[in-house]
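Structure first, commentary second.
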Number of protein chains: 4
Amino acid sequence: MPAAARRNEQSRRAILDATLALLAETDYAKVTIEAIAARAGVGKQTIYRWWRRKGEVVLEALAEQAMPMALPDSGDLEADLRQVVRATVAEFGDPRLSATTRALTVEMLTDDDLAEQVRDRLLRPQLHAVRDRLAAAREQGQIRTGADLDLAVELMFGPVFHRWQLRNGPLDAEYADALADHVLAALRP
Amino acid sequence: MPAAARRNEQSRRAILDATLALLAETDYAKVTIEAIAARAGVGKQTIYRWWRRKGEVVLEALAEQAMPMALPDSGDLEADLRQVVRATVAEFGDPRLSATTRALTVEMLTDDDLAEQVRDRLLRPQLHAVRDRLAAAREQGQIRTGADLDLAVELMFGPVFHRWQLRNGPLDAEYADALADHVLAALRP
Amino acid sequence: MPAAARRNEQSRRAILDATLALLAETDYAKVTIEAIAARAGVGKQTIYRWWRRKGEVVLEALAEQAMPMALPDSGDLEADLRQVVRATVAEFGDPRLSATTRALTVEMLTDDDLAEQVRDRLLRPQLHAVRDRLAAAREQGQIRTGADLDLAVELMFGPVFHRWQLRNGPLDAEYADALADHVLAALRP
Amino acid sequence: MPAAARRNEQSRRAILDATLALLAETDYAKVTIEAIAARAGVGKQTIYRWWRRKGEVVLEALAEQAMPMALPDSGDLEADLRQVVRATVAEFGDPRLSATTRALTVEMLTDDDLAEQVRDRLLRPQLHAVRDRLAAAREQGQIRTGADLDLAVELMFGPVFHRWQLRNGPLDAEYADALADHVLAALRP
DNA sequence: GCATAATCGAGACGGTACGTCTTGTCTTAAC
DNA sequence: GTTAAGACAAGACGTACCGTCTCGATTATGC
């Protein structure tokens, strides 16, 4: 891709920054290609040249600032899981972060290609990290042998996601701890 | 509600039918108010008069055809849960039904009012039915006293929802059974 | 055309007025559909709904304000022709009027349909009026029988048009009179 | 002009040839700088380096292939004029040649500088040649002393130009002869 | 004959305008 | 008085060109 070599990094940054700024400030409906281009001081074509759709711009913008969740291994499985679940619940509960997640979720529902990218680039690494922590716990006999670890990860995150999207209850520390407890109960020998 | 008294039932039906037809046939992006009106042979104003946004039309259309899931109580908790989870997994796994769910999910993410309505009119009844079944089980000592039944319901549906939306694995009977098993493990005395 | 019955006359006027204003104020390159719409406080679609191209808007705007040249018949053929030619030369010589003529000419060269319309709606009536004056003169023996009156009209206007477009000499009263004289010389018995 | 010394003649030829080819093949609206560059296999900058605007490229392309009209002097003024007018009418009547003339005319209406260049480089030589022929005729008493020869030239070409641009009648030999006759009538002693 | 400086093809860039689409409101005529 | 039809203002869509700019890679002198 020799063309990409000519890509103007300044423009790229300006576009991603403008996208993040708009996501943070306004309704997602106002995060249009035109608004991004205007905010970034960039021609629309420069966006269309490098991304096929708005969702991909949003993804790339979010992917760059995503901090890989720190996954503790203190030896105390219960404490570690509580910490992970609390962090997740806090993220979904924060209206600010929640807005960008919402944006990305809308795009994923609309575009299968994008859904794959989001899954593989943003989510899988996080889910795999948790699964690895559970695998270590299983080695040490803290989890029953028959437990399906991928499913266990879904047991941890699925309910949070569900509650967030359906606004079906509070997203607070108490909820996080109760959830962690029930997941542990499902996994214990 | 005097206006409603004058409401033309034929138009209402035509609009909802057109909405369902478009949802089934085309991309959700093509399900526009204009397309619905044209398909239903109805003026756009007739839609705007009775619904505030497209999402509400979609919701009403889907609500009418939603069959309340039959919740068995055979006395065998494991069997009953497996059946419920299998039905849920099958519904999300069916591309046809999945399309309308996707449509509604997009609208919920965009419109808080609508999210409430969907939650209260479509989902809560189903979730409550499951919770009631679990409550009965708890009465009979099949579930430990400390279990949080609302959370238990989320443990059942959250992972399915998560996997569906993230396209993060197969949605089949085997998965349904494994999920039901883990949920039961979390609840048993 | 029942649809046309619904046409909003206010919008139509605003569009034509905005077009005339822009033609008078700016380079023709800046007379864009977007500029007209913005100036008229009108959606672009409202322009595209009623006109196929910019040239047609310009034509309609000009056609409405075109005053049918007063064609005198004083009995004195030479005086009458001088007056007509002087008026024509003055019009082409005036930078202001010249700008709109230039605009229309560009459009005619680009669009055959429009050229026909301009010819039939704006120009032919004027040319015919002159021909009729010449016909009256021929009746009275002031013009030789063999003269081709359509050609005579072209002899009067063609040189002015030619000189204007090629900027090939001054467009003043002296020139007008000389031209009128030569045309008369070509027609006299 | 040391820079010009480095000019790549191959590129220049490719650009002018591409321009002529596009003029001949497509609508003038499609004769863009980008299209010329692509067709010529040349960078856009190479065009902008040597010409200020598209019109100048078109002019240069046309100037190179313009054959200077042969102006006969058989001694028979009427025959000579008829021949010139016939040739002119034929050129404007030919759709092929007409297309390039149209292109150039559009540019002239848009760009005063270009208009001067076209007038001086392409048209004046032709008009002067005709005027010189008329001057010779006047020497021999075939034209009245008071005739304005520049105006006479305009009397010959103006009507053709007018009729062509307004599509106001046929451009054929019969017309040419009638025009020549009337012009002669205007000039005769 | 070698350095060096302008030219070259290519095409990214910030812009402007295009012509189309949909939104939600407003107007009209028919029933 | 509600309807179907659709005009309307607004504004985003994705595309096409504009004229400028930056890249390496040829040239073609002129030292």
Under a 4.0 Å N-O cut-off, is there an ion pair linking [X] with [Y]?
X	Y	value
A/D17	A/R39	no
D/E116	C/R167	no
B/E9	B/R12	yes

Counting only side-chain N and O atoms of [X], is one of them less than 4.0 Å from OP1 or OP2 of [N]?
X	N	answer
C/W50	F/dG6	no
D/T46	E/dG9	yes
C/R49	F/dC8	yes
C/W51	E/dG19	no
C/S11	F/dA9	yes

Donor/acceptor link under 3.5 angstrom from C/R6 side chain onto base of F/dA5: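 Such a pair exists between side chain and base.
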Base of F/dG11, side chain of C/K44 - is there a donor-acceptor contact under 3.5 Å? no
Given atom NZ of B/K54 and atom C1' of E/dC21, what is their separation to the nearest angstrom? 13 Å
Rounding to a whole Å, what distance do you find between A/R7:CZ and E/dG14:P?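 Spelled out: CZ on A/R7 to P on E/dG14 is 11 Å.
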On DNA chain F, compare the nucleotides closest to B/G43 and B/E34; which residue's is nearer the 5' end? B/G43
By nearest heavy atom, map A/R52 and B/Q45 onto DNA chain F; which one lands nearer the 5' end?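 By nearest-heavy-atom nucleotide position, the 5'-most residue is B/Q45.
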Can you tell me if A/E64 has over 12 outside heavy atoms packed within less than 6.0 Å of its CD?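 Correct, the count exceeds 12.
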